[in-house]
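For this chain, numbers begin at 1 and follow the sequence in order.
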Amino acid sequence: MNASDIKDKMNAIDFCLLCAFLHVGYQNPLSSWTLQPNTLVLNVNGMRSQQVLKCLHSAAGFMNGDDKDILWKKNGEEKAQRGNSYLVQLEESLGGGLYSCHSSNGSLLNYTVVLIQEDFTKKRKILMKTDLAEYLKCTTQNFEGTFRCSWICDRMRDGKVALIRAGRGRGVECSADASGKHWTCASTESHITCSVDDSRDGISCVDKQYCPFAEEKHKIFFTVYFRTEHFLLESYSKQFYVSEIVKPDKVTIRKVNQSMIELTYPGSWSTPHSFFPLTFQVMQSRHGCKNCDKPCDGSTGAKMPMADSSSACLFELENNSGSVCVRAKDALGDSQWSEWSHLSTD
């Protein structure tokens, strides 16, 4: 074996050792999937890993059949790597960004937004839990098929909606308009449209196939994906029947005379009321308003539930009643109570 053969063999051994080192030192992400066109999500576990991006998928797009002149930028900053492939370095939650490839004259050829989804921590960083110890709070005022889901963003990591999925059953396909604020999700069981509120703290939706007079066969599966300016992606999900998230608006109270009040159904409540009855909870107190911001909180007055299916019903007060608080809920399901309505009766 001559010196040239020995040198070639040593180079081959060095190359194999380098490949083995790279294989041990770096791993591929746990998984990858496409959030939207040109948006790639990498599920990482905190270890060092690598992801290959392709600029062009056809050699016909190369300049003079050679890809050496393709240059890459990350978030607008030119990188040293050249060619049709770019190796993204990932470590913990770092590595996300806007990767774009350009021709030698600077023309844009293609781009990929890389978002990082952490799998190594259970701590959520974008949303905070609500007063119900949930990340998403979903409610509806009636049985008309509309609902709203809200959240509280962490001020240190303000996120924006990147994707919405809402539907019943399987095979739900969702798409957004050009603004990215209006979404349509369709399947064989449902057709739901959603809009991100201008306040960016909630989403209002309509299930266009919902029938208030029929039993719900499938729950609504609702998922919203948030991304930060640092290209971190998190998803938050909730599933429910409309009947589980119903919360009526406030009851209207009117004093008829010194001993009688009239309770009126919220105008937003579903009709006919004989099919959608409410249960009222009445709380009377001898004293007037102690805390006028929340006059019904902390009261020790007796609570008396009563069910009624008429639009308005009369309620007789106790002789020594100084104030009355009333709230309502769906009489046929275990859903939320409305907020308290208050009336001074002195």
Practice item. Kindly say whether G97 contributes a backbone atom to a donor-acceptor pair with the side chain of N75 at under 3.5 angstrom? Key: no
Check your understanding: Would you say the side chains of S237 and T223 form a donor-acceptor pair under 3.5 Å?
Key -> yes
Practice item. May I ask you to check whether over 12 heavy atoms, not counting those of M128, lie within 6.0 Å of atom CE? Key: no
Check your understanding: If you draw a 6.0 Å radius around CG in D177, do more than 12 non-hydrogen atoms from other residues or ligands fall strictly inside?
Key -> yes
Using atom types as modelled, flag every donor-acceptor pair under 3.5 Å from a side chain in residues 34-41 to any protein atom, sequence neighbours excluded.
from, atom 1, to, atom 2, distance (Å)
N38, ND2, N110, OD1, 3.3
N38, ND2, Y111, O, 2.8

Review point. Applying the side-chain hydrogen bond (donor to acceptor under 3.5 Å, both in side chains) test to R148, which of T139, T140, D197 qualifies?
Key: D197
Practice item. Output yes when E234 and K125 qualify as a salt bridge under the 4.0 Å nitrogen-oxygen rule, no when they do not. Key: no
Check your understanding: Should the heavy atoms of other residues, nucleotides or ligands under 6.0 Å from NZ of K219 be counted, would the total exceed 12?
Key -> yes
Review point. So, are E189 and K217 salt-bridged, with charged N and O less than 4.0 Å apart?
Key: no
Check your understanding: Are F231 and Y99 an aromatic pair by the rule of ring centers under 6.0 Å?
Key -> no
**Study point:** Parallel, tilted or perpendicular, as decided by the 30° and 60° cut-offs, for the rings of W72 and Y86
**Key:** tilted
Exercise for review: Look only at the side chain of S190 and the backbone of I192, and say whether a donor-acceptor pair between them is shorter than 3.5 Å.
Suggested key: no
Point to revise | Polar side-chain atom of S195 near backbone of H182 as donor-acceptor pair, under 3.5 Å | key: no
Point to revise | Student check: side-chain heavy atoms of S85 and K54 closer than 4.5 Å | key: yes
Exercise for review: Taking W340 for its side chain and K250 for its backbone only, find out whether a donor-acceptor pair lies under 3.5 Å.
Suggested key: no
Exercise for review: Step through it carefully: locate the ring centre of F226, locate the ring centre of Y135, and say whether they are under 6.0 Å apart.
Suggested key: no
**Study point:** Output field: ring centroids W33/Y225 closer than 6.0 Å
**Key:** yes
Check your understanding: Is there a donor-acceptor contact under 3.5 Å from the side chain of E216 to the main chain of Y241?
Key -> no
Exercise for review: Give a yes or no on whether the backbone of L87 and the side-chain of Q51 come within a donor-acceptor separation of less than 3.5 Å.
Suggested key: no
**Study point:** K181/D198 salt bridge by N-O under 4.0 Å criterion
**Key:** yes
Check your understanding: Is the shortest heavy-atom distance from the side chain of W337 to the side chain of Q281 under 4.5 Å?
Key -> yes
**Study point:** R168 bridged to D207 by N-O distance under 4.0 Å
**Key:** yes
**Study point:** Pair F280 + F315: ring centers closer than 6.0 Å
**Key:** no
Review point. If you look only at pairs with a residue in residues 99-129, which of them pass as a disulfide bond (SG atoms under 2.5 Å apart), with sequence neighbours excluded?
Key: C55-C101
